[in-house]
Amino acid sequence: MVAHQEAEATTTTTVDPMRLASRWRSPAEWVATAAALDSEPMPSELNTANSSGLFAVVSVDKMSVKYLGVNHHGHDVGVVQADCPAPMHRAVYYFEMTVRNAGLKGQTSIGFTTESFKMRRQPGWESQSCGYHGDDGYLYRGPGKSESFGPKFTSGDIIGAGINYIEQLLFFTKNGSLIGAFPKDIKGPLYPTIAVHSQDEELTVNFGKEQFCFDIEGYILEQKMTRQSISDKLYLQPDISHWIVRSYLLHYGYQDTLNSFDAASETDPPANHQTGYGEPPEMYGLSHRKILRQLIMNGDIDSAFKRLEEWYPQVLKDDVSVICFLLHSQRFIEYIRAEQLEGAVKYARANLANFLAHKAFEGLLKESVALLAYEKPSESCIGYLLESPQREFVADAVNAAILSTNPKMKDPESCLYSCLEKLLRQLTVCSSELRAFNSDQGDVFLLHKEIYERSRRP
């Protein structure tokens, strides 16, 4: 954290550049973030320890089940759950089974059950469970809750069952076609479940190791696009998107792009819409911020220091502030980029040693200095420090520090985030709240992940 003296006021504004959206992140951090999203265990085989046992036998590979008993009663069912419940931190979960043999009566079924489900009953015959049954094509959703749902299925058919966390629905498929969906009213974790109920019935499951018959990726995309179309139909003020983009360019000092944007726009710049009078606070120091950004993005840190000292000396008043540290560490990195190792060592001894006692700078400081240990730093695990996103982060930090000196900028958050970023942060919060409302079920919203996935779409 660092405090900056305002140019025209006695109060202090606190700015923490480490909270910037462009904050440097190592590849290891991104890998850890992605791993956290995928940390839920995935069903991978049938659970031989939690099955009816007496009427069915599970294959050695734990992917198939066959009925071996004699069907005398309704509870003479061979029921098998997956080895773990369906993961919940995703848009959709789906699995399939193939009917290898419909047996004597074709009483196979597929569905979802809870951990406490009675393992001598067909899925859907007990509360907190659902099942699609092959002998009659009925959907069962608890005692006395059955309805005609889809076609019967028999030997050779591939039946799928899924959970749509986006719309909170359960759905079933047959041979690659969607049969239907219905509200998910079962609480808690759900186990993929299959059952056999008459002589010689045999089923094989696919938990995703093999390609599904049903186009599940297409289904997920369609569901997301449907949700997107709903938001696209919401009414917005005609020039609101123009204002949001313009405020972003203003905030980060992209003056040339801003001028081009205004020139190409068919509407007048709505500069005063948010206050009704005067220029927006993001106009503060625009030309200076533009020049400083260009200097830092070009790696000319020495000139950036000189201009800051001339225009905003209060930003550099504390020589062990986070802004001073970021600029000094970037100057050191620029020596490495230019393969001037001797200059880098001298600069580090003269300018980075003062920051060794500050825990807040420890991570970046260690990784920056570690660049000296590699013959080819750009190819090392910390080579990302030599790339343009690191310069952008430093430029954004300086930009925020300058904005914090504006006496008209009353909200410290306004120094760190543009209106566009605040909207995206709000979107993240709303997504989290929606998941909380749905018992922590549904896709985890990660902005960088969404941007990457959208960039890959045709």
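Numbers here simply count residues along the sequence, with the first being 1.
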What I want to find out is whether Arg293 reaches Glu392 closely enough, with some N-O distance under 4.0 Å, to be called a salt bridge. no
Whether Arg391 and Glu334 form a salt bridge (side-chain N of Lys/Arg under 4.0 Å from carboxylate O of Asp/Glu) is what I want to check. yes
Do Phe261 and His242 come within less than 4.5 Å of each other through their side chains, counting heavy atoms only? yes
How close do Ile220 and Ala91 get, heavy atom to heavy atom, and via which atoms? CG2-CB, 4.2 Å
Any chance the side chains of Tyr94 and Thr173 put a donor and an acceptor closer than 3.5 Å? yes
May I ask you to test the Asp256-Gln294 pair for a side-chain heavy-atom distance under 4.5 Å? yes
I need the minimum non-hydrogen distance between Lys422 and Ser414, along with the two atoms involved. NZ-OG, 3.3 Å
Quick one about Asp318 and Ser321 (side-chain donor to acceptor, distance below 3.5 Å, no hydrogens or angles considered), yes or no? no
Should Glu96 and Cys213 count as side-chain neighbours, where that means a heavy-atom distance under 4.5 Å? yes
Between the side chain of Ser247 and the main-chain N/O of Ile244, is any donor-acceptor distance below 3.5 Å? yes
Answer yes or no: is there a side-chain heavy-atom contact under 4.5 Å between Phe117 and Gln81? yes
To the closest 0.5 Å, what do you measure between CE (Met297) and CG (Leu295)? 11.5 Å
Got Leu371 and Leu386 here, is their nearest side-chain heavy-atom distance under 4.5 Å? yes
If you round to the nearest 0.5 Å, how far is NE2 of His251 from CG of Leu258? 13.5 Å
Show, in sequence, the C-alpha distance, side-chain angles and deciding distance for Trp311 and Ile291, and conclude whether the side chain to side chain contact (heavy atoms under 4.5 Å, CB included) test is met. CA-CA 11 Å; Trp311 295 333; Ile291 293 171; 3.9 Å; yes
Identify the two heavy atoms, one from Lys224 and one from Ile166, that lie closest to each other, and give their separation to 0.1 Å. CG-CD1, 3.9 Å
Pairing of Lys366 and Glu362 as salt bridge, 4.0 angstrom limit: yes
Any side-chain heavy atom of Pro43 within less than 4.5 Å of one from Tyr93? yes
Say whether Arg425 and Tyr417, considering side chains only, have a donor N or O and an acceptor N or O under 3.5 Å apart. yes
Does any donor atom in the side chain of Thr113 or Thr193 lie under 3.5 Å from an acceptor atom in the other side chain? yes
Is Glu45 salt-bridged to Lys62, going by a charged N under 4.0 Å from an acidic O? yes
Do Ser64 and Val58 have side chains that get closer than 4.5 Å, going by heavy atoms? no
How about Leu365 and Leu356: do any of their side-chain heavy atoms sit closer than 4.5 Å? yes
As an exercise, state the distance from CZ of Arg289 to CE of Met283, rounded to the nearest 0.5 Å. 9.0 Å
Are Thr114 and Lys187 linked by a side-chain donor-acceptor pair shorter than 3.5 Å? no
Under 3.5 Å, is there a donor-acceptor pair between the side chain of Lys306 and the main chain of Leu308? no
Taking atom CZ of Arg246 and atom CG of Asp262, what is their separation to the nearest 0.5 Å? 4.0 Å
Given 3.5 Å as the limit, does a donor-acceptor pair link the side chain of Asn164 with the main chain of Val92, or not? no
Considering non-hydrogen atoms only, spot the tightest contact between Ala344 and Leu372 and give its length. CB-CD2, 4.2 Å
What's the shortest heavy-atom distance between Ser229 and Thr226, and which atoms? OG-O, 2.6 Å
Working note: Tyr347 + Gln340, criterion side chain to side chain donor-acceptor pair (under 3.5 Å); need CA distance, chi angles, decisive distance, verdict. CA-CA 11 Å; Tyr347 191 86; Gln340 298 175 5; over 6 Å; no
Using a distance-only test with no angle check, is there a side-chain donor-acceptor pair under 3.5 angstrom linking Asp83 and Asn47? no
Side chain to side chain contact (heavy atoms under 4.5 Å, CB included) assessment of Leu341 paired with Val345: CA-CA 6 Å; Leu341 300 187; Val345 172; 5.5 Å; no
Let's go through Phe172 and Cys130 carefully: what are the C-alpha distance in whole Å and the side-chain angles of both, what is the deciding distance for side chain to side chain contact (heavy atoms under 4.5 Å, CB included) to 0.1 Å, and is it a yes or a no? CA-CA 11 Å; Phe172 291 99; Cys130 69; 4.3 Å; yes
Rounded to the nearest 0.5 Å, what separates atom CG in Leu203 from atom OG in Ser59? 11.0 Å
Applying the ring-ring contact (aromatic ring centres under 6.0 Å, His included) criterion to Phe95, which one of Phe112, Phe212, Phe171 satisfies it? Phe112
Main-chain N/O of Lys408 paired with Asn406 side-chain donor or acceptor, under 3.5 Å: yes
Assess, by modelled atom type and distance only, whether the side chains of Gln223 and Tyr165 contain a donor and an acceptor separated by less than 3.5 Å. no
Any idea which heavy atoms bring Pro123 and Ser129 closest together, and the distance? C-OG, 4.1 Å
Quick test of your reading of the model: are Glu342 and Lys346 salt-bridged, counting only N-O distances below 4.0 Å? yes
Nearest-0.5 Å distance that lies between atom OG1 in Thr405 and atom CG in Leu403: 7.5 Å
Please evaluate residues His328 and Phe325 with respect to the criterion ring pair (Phe, Tyr, Trp, His ring centres under 6.0 Å), reporting the C-alpha separation (whole Å), side-chain torsions for both, the decisive distance (0.1 Å), and the verdict. CA-CA 5 Å; His328 281 305; Phe325 167 70; 8.8 Å; no
Please check: side-chain N/O of Glu421 versus main-chain N/O of Ser418, any donor-acceptor pairing under 3.5 Å? yes
Given the rule in the side chain to side chain contact (heavy atoms under 4.5 Å, CB included) test, do Ile163 and Leu190 qualify, once you have shown the distances and angles that lead to the verdict? CA-CA 9 Å; Ile163 307 173; Leu190 298 180; 4.1 Å; yes
Can you confirm if the NZ or CZ of Arg331 lies within 45° of the ring axis of Tyr335 and under 6.0 Å from the centre of its six-membered ring? yes
